[in-house]
Amino acid sequence: MSSLEIRAATAGDLPSVTEIYHHAVRYGTATFELIPPDLAEMTRRFGVLMDGGFPYLVAVLEGRVVGYAYAGAYRPRPAYRFTVENSVYLEPAIHRRGIGLQLLQRLITESEARGYRQMIAVIGDSANAGSIGVHARCGFEMIGTHPDVGFKFGRWLDTVMMQRALGEGGETLPAIS
Ligand SMILES: CC(C)(COP(=O)(O)OP(=O)(O)OC[C@H]1O[C@@H](n2cnc3c(N)ncnc32)[C@H](O)[C@@H]1OP(=O)(O)O)[C@@H](O)C(=O)NCCC(=O)NCCS
């Protein structure tokens, strides 16, 4: 795994990111989107995150983008401004080689550096052992399950909520309010 690089995403990475996400939308239950967003829509979403100053990372293996992770606003109302929701997706062929863990660890570090205090994972499908496992490895605690809130591929799906404090979490007040 010596050629693995985790770095900030650029607009040039978005075709690969779009392709990775397409697979997750078409075949997976981690995301509740049903129609894969095209490159223009993924570019728009990237722009929103960049404008907000959020971290957006890619994992590059042997010169190829094989995964990505970003943090964005958890909810739009302003009192939530120190809380982010995270996303992490990899190409299926490279699951369980430690890359998701490295992406998520770096995303946590980048989010802490920006002053965020809580990170929330809304995990699609309580059967998503990979996502639950990697979040647990990164120190996320189980908050609970919303049963049967999604419907995809002809069946009901749960969401699993996990949460991790960033930096000093709720122990101290933020330096800027
Ligand atoms: C979830 C995902 C990002 C995990 O990335 P990954 O590179 O496959 O996971 P890692 O190899 O870094 O695993 C790190 C740890 O997480 C846990 N883990 C990972 N996959 C697991 C699985 N299938 N079952 C149980 N635990 C698992 C393990 O503790 C693992 O450490 P170990 O291999 O030393 O036991 C990846 O599987 C993925 O892209 N899945 C599809 C999309 C998705 O579910 N994204 C999350 C949206 S919330």
Side-chain angles (χ1 to χ4, degrees), residues 4-10 13-14 16-18 20-21 23-25 28-33 37 41-42 44-60 65-77 79-92 94-146 149-150 157-170 174:
L4 181 74
E5 182 194 6
I6 309 276
R7 60 161 172 79
T10 68
D13 299 319
L14 296 179
S16 303
V17 165
T18 301
I20 292 166
Y21 189 55
H23 191 279
V25 174
T29 49
T31 170
F32 283 10
E33 282 202 74
E41 171 60 13
M42 292 297 280
R44 190 195 64 76
R45 294 179 188 184
F46 177 73
V48 170
L49 293 168
M50 292 299 96
D51 289 349
F54 294 103
Y56 200 129
L57 306 170
V58 287
V60 182
V65 173
V66 295
Y68 68 97
Y70 61 80
Y74 169 57
R75 299 191 66 171
R77 295 201 173 161
Y80 288 113
R81 67 194 175 283
F82 294 103
T83 299
V84 289
E85 181 177 338
N86 74 290
S87 288
V88 51
Y89 288 90
L90 302 185
E91 273 187 7
I94 48 94
H95 284 187
R96 208 67 197 262
R97 288 166 59 180
I99 299 175
L101 183 65
Q102 288 193 53
L103 267 172
L104 190 49
Q105 285 172 335
R106 177 74 176 278
L107 191 71
I108 289 166
T109 306
E110 296 283 340
S111 299
E112 287 176 331
R114 287 163 171 79
Y116 296 110
R117 294 298 186 94
Q118 300 290 333
M119 183 174 278
I120 292 181
V122 181
I123 297 167
D125 196 351
S126 45
N128 190 344
S131 185
I132 294 168
V134 79
H135 284 92
R137 269 291 292 276
C138 285
F140 284 70
E141 287 174 13
M142 184 63 75
I143 302 299
T145 300
H146 292 295
V149 289
L157 293 169
D158 304 339
T159 54
V160 176
M161 309 293 291
M162 297 182 78
Q163 181 169 345
R164 183 197 195 283
L166 300 173
E168 293 173 353

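Keep in mind it's a predicted model, so treat the numbers as computed, not measured.
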Apply side-chain contact (heavy atoms from CB on, under 4.5 Å) to the pair Ile99 and Leu4, showing each step before the final yes or no. CA-CA 8 Å; Ile99 299 175; Leu4 181 74; 4.2 Å; yes
Phe140 and Leu104: side-chain contact (heavy atoms from CB on, under 4.5 Å), yes or no, with the steps? CA-CA 11 Å; Phe140 284 70; Leu104 190 49; 4.3 Å; yes
Stepwise ring-ring contact (aromatic ring centres under 6.0 Å, His included) check, Tyr89 with Tyr21: CA-CA 7 Å; Tyr89 288 90; Tyr21 189 55; 5.4 Å; yes
With side-chain contact (heavy atoms from CB on, under 4.5 Å) as the test, would you mind laying out the steps for Val84 and Gln118 before giving the verdict? CA-CA 6 Å; Val84 289; Gln118 300 290 333; over 6 Å; no
Verdict with supporting geometry, Leu57 and Tyr68, side-chain contact (heavy atoms from CB on, under 4.5 Å): CA-CA 5 Å; Leu57 306 170; Tyr68 68 97; over 6 Å; no
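Around the CZ atom of Arg75, the shell of radius 6.0 Å holds no more than 12 heavy atoms that belong to other residues, nucleotides or ligands. Residue-environment remark: NE2 (His146) stays at or below the threshold of 12 foreign heavy atoms within 6.0 Å. Few gaps surround CD on Glu41; more than 12 heavy atoms of other groups in view lie less than 6.0 Å from it.
Shortest non-hydrogen contact noted between Tyr56 and Val17 is OH-CG1, 3.5 Å. Pro37 approaches Met42 most closely through the heavy-atom pair CG-SD, 3.7 Å. Minimum heavy-atom separation, Ile94 to Val66: CD1-O, 3.8 Å. Closest of all the heavy-atom pairs between Gly67 and Leu103 is C-CD1, 3.9 Å. The minimum heavy-atom distance linking Ser111 with Leu166 is given by the pair CB-CD1, 3.9 Å. Of all heavy-atom pairs between Ala73 and Phe54, the closest is N-CZ, 3.5 Å.
Counting heavy atoms from C-beta outward, Val58 and Ile6 have side chains that stay 4.5 Å or more apart. When side chains are defined from C-beta on, Asn128 does not count as touching Thr29, because their heavy atoms never get closer than 4.5 Å. Ile143 has its side chain out of reach of Met162: every pair of non-hydrogen atoms, C-beta onward, lies at least 4.5 Å apart. Using a 4.5 Å cut-off on side-chain heavy atoms (C-beta onward), Met142 and Val160 make contact. Two residues are said to be in side-chain contact when any heavy atoms from C-beta on lie closer than 4.5 Å; Met119 and Gln163 fail this criterion. Residues Phe46 and Asp13 have side chains not in contact (no heavy-atom distance under 4.5 Å, counting atoms from C-beta outward).
Distance check, rounded to the nearest 0.5 Å: CZ of Phe32 to CG of Leu157 gives 4.5 Å. To the nearest 0.5 angstrom, Leu101 atom CG is 10.5 Å from Arg96 atom CZ. The distance from atom OH of Tyr70 to atom CE of Met50, rounded to the nearest 0.5 Å, is 11.0 Å. Atom NE2 of His95 is separated from atom CD of Glu91 by 8.5 Å, given to the nearest 0.5 angstrom. His135 NE2 to Asn86 CG: the interatomic distance, rounded to the nearest 0.5 Å, is 4.0 Å.
The main-chain N or O of Ile120 is never found under 3.5 Å from a side-chain atom of Arg164 such that the two would form a donor-acceptor pair. Between the side chain of Glu112 and the backbone N or O of Gly167 there is at least one donor-acceptor pair closer than 3.5 Å.
A salt bridge between Arg45 and Glu33 is present, with a side-chain N of the basic residue lying under 4.0 Å from a carboxylate O of the acidic one.
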